[in-house]
There are 2 protein chains.
Amino acid sequence: MVTNIDSDAFAFCETLTDAQDALAREILERASAKWPLRIMYVLAETKGPLRFSRLLERVEGISQKVLTQALRTLESDGLVTRTLYPQVPPRVEYELTPLGGELLLQVVALWRWIAERVPDFEKARARSAGATHISK
Amino acid sequence: MVTNIDSDAFAFCETLTDAQDALAREILERASAKWPLRIMYVLAETKGPLRFSRLLERVEGISQKVLTQALRTLESDGLVTRTLYPQVPPRVEYELTPLGGELLLQVVALWRWIAERVPDFEKARARSAGATHISK
DNA sequence: CAGCATCCTAGCCGATACTG
DNA sequence: CAGTATCGGCTAGGATGCTG
């Protein structure tokens with residue numbers, strides 16, 4: 001029942017310092033989270049800069065507060081740029097960085113892998129609604 | 001400044017129903033989250049079944065309650081199996097399913113990709129601690 | 001327009017105590 | 001041993017109002 005996993009598949013984890021490992025896990029978790037992923041996705045679709053209010057419209061269901069917070073985090077992680085045009089009224093544009101675009105591609109690859117197996121996950125859900133596994 | 005993203009990279013998203021898309025996003029988010037990932041990681045390292053109490057020891061810092069919850073979710077997602085041996089005292093063993101093992105491999109691939117770019121993220125962090133981007 | 005500040009609530013999570 | 005049950009702190013996040 002054990003999947004045949006190459007024992008070297010996890011070797012890279014050991015080569016990181018604790019701080020680096022923590023950072024990598026953080027980025028992984030954040031980039032897969034609901035709002036950051038949707039935001040990066042919208043920015044990638046647009047293939048160009050997007051104003052704050054456009055993002056607020058296109059990232060469906062997000063509140064202004066959460067959008068602001070998420071963008072700040074994405075910015076400090078180097079995944080998006082924030083450009084302020086000092087006008088009245090002000091204009092602020094957000095855009096994916098190259099690093100952000102590449103990361104998104106990687107996350108989307110995983111997303112797609114999962115999406116292709118959605119039937120498997122649906123089956124698992126249905127099955128687990130039933131029995132308790134008992135052995136002797 | 002726009003990363004050159006193949007416009008078909010996201011095509012698969014459109015082929016899913018809303019429910020399937022939601023499920024895929026859920027699995028993605030959960031599998032990348034802190035505790036589920038650590039748990040699957042420990043189970044994969046072990047290459048075999050592991051008792052509840054062993055998991056509690058090896059998944060460092062997790063509480064008994066959260067471990068239980070996470071395992072229930074992993075089980076209902078079809079990523080781990082829970083096998084009860086009706087003894088006194090009871091014995092319960094958890095093990096990665098093939099689907100769980102494969103998913104973990106995919107997540108670890110992404111994790112590794114990020115880990116290799118940790119210096120980039122560190123640089124971004126350092127840079128963002130400084131300036132506001134202003135254009136005219 | 002692009003936010004910040006405030007209030008408020010649901011849910012996460014740790015700690016502790018109890019049970020089959 | 002492998003949980004369930006309960007309390008309590010903390011935080012993510014919505015709603016609303018205000019400002020440069």
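Every value quoted in this text rests on a predicted model; they were computed, and no experiment measured them. Lettering follows sequence order; numbering is per chain, from 1.
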Can you find a side chain N or O atom of [X] that sits less than 4.0 Å from OP1 or OP2 on [N]?
{"X": "R54(A)", "N": "dA2(C)", "value": "no"}
{"X": "T68(B)", "N": "dG3(D)", "value": "no"}
{"X": "S63(A)", "N": "dG13(D)", "value": "no"}
{"X": "R91(A)", "N": "dG20(D)", "value": "no"}
{"X": "R82(B)", "N": "dG3(D)", "value": "yes"}
{"X": "Y94(A)", "N": "dG3(C)", "value": "yes"}
{"X": "R51(A)", "N": "dG3(C)", "value": "no"}

For Q64(A) and T68(A), does a side-chain donor sit closer than 3.5 Å to a side-chain acceptor? yes
Which whole-number value in Å describes the distance from [X] [atom1] to [N] [atom2]?
{"X": "L71(A)", "N": "dG3(C)", "atom1": "CG", "atom2": "P", "result": "8 Å"}
{"X": "Q69(A)", "N": "dA12(D)", "atom1": "CD", "atom2": "C1'", "result": "8 Å"}
{"X": "K65(A)", "N": "dA2(C)", "atom1": "NZ", "atom2": "C1'", "result": "16 Å"}
{"X": "I39(A)", "N": "dA2(C)", "atom1": "CD1", "atom2": "P", "result": "14 Å"}
{"X": "L56(A)", "N": "dG13(D)", "atom1": "CG", "atom2": "C1'", "result": "14 Å"}
{"X": "L84(B)", "N": "dC1(D)", "atom1": "CG", "atom2": "P", "result": "15 Å"}
{"X": "R72(A)", "N": "dG3(C)", "atom1": "CZ", "atom2": "P", "result": "5 Å"}
{"X": "I62(B)", "N": "dA2(D)", "atom1": "CD1", "atom2": "C1'", "result": "14 Å"}

Would a single hydrophobic cluster contain both W113(A) and L16(B), if residues Ile, Leu, Val, Met, Phe, Trp and Tyr are joined by side-chain heavy-atom contacts under 4.5 Å? no
Closest to the P89(A) side chain: dA2(D), dC1(C), dA2(C)? dC1(C)
Would you please classify the geometry between the Y94(B) ring and the F52(B) ring as parallel, tilted or perpendicular, with 30° and 60° separating the classes?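 Geometry flag for Y94(B) against F52(B): tilted rings.
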Just so I know, are the side chains of E93(A) and R51(A) near enough to count as touching, which here means a heavy-atom distance under 4.5 Å?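 A side-chain contact under 4.5 Å exists here.
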The answer to which of G61(A) and E93(B) contacts DNA chain D further toward the 5' end, by nearest nucleotide, is E93(B)
Do the side chain of Q64(A) and the base of dC1(C) come within less than 3.5 angstrom through a donor-acceptor pair of N or O atoms? no
Aromatic contact between W35(B) and Y41(B), with the criterion being ring centroids under 6.0 Å apart: yes or no? no
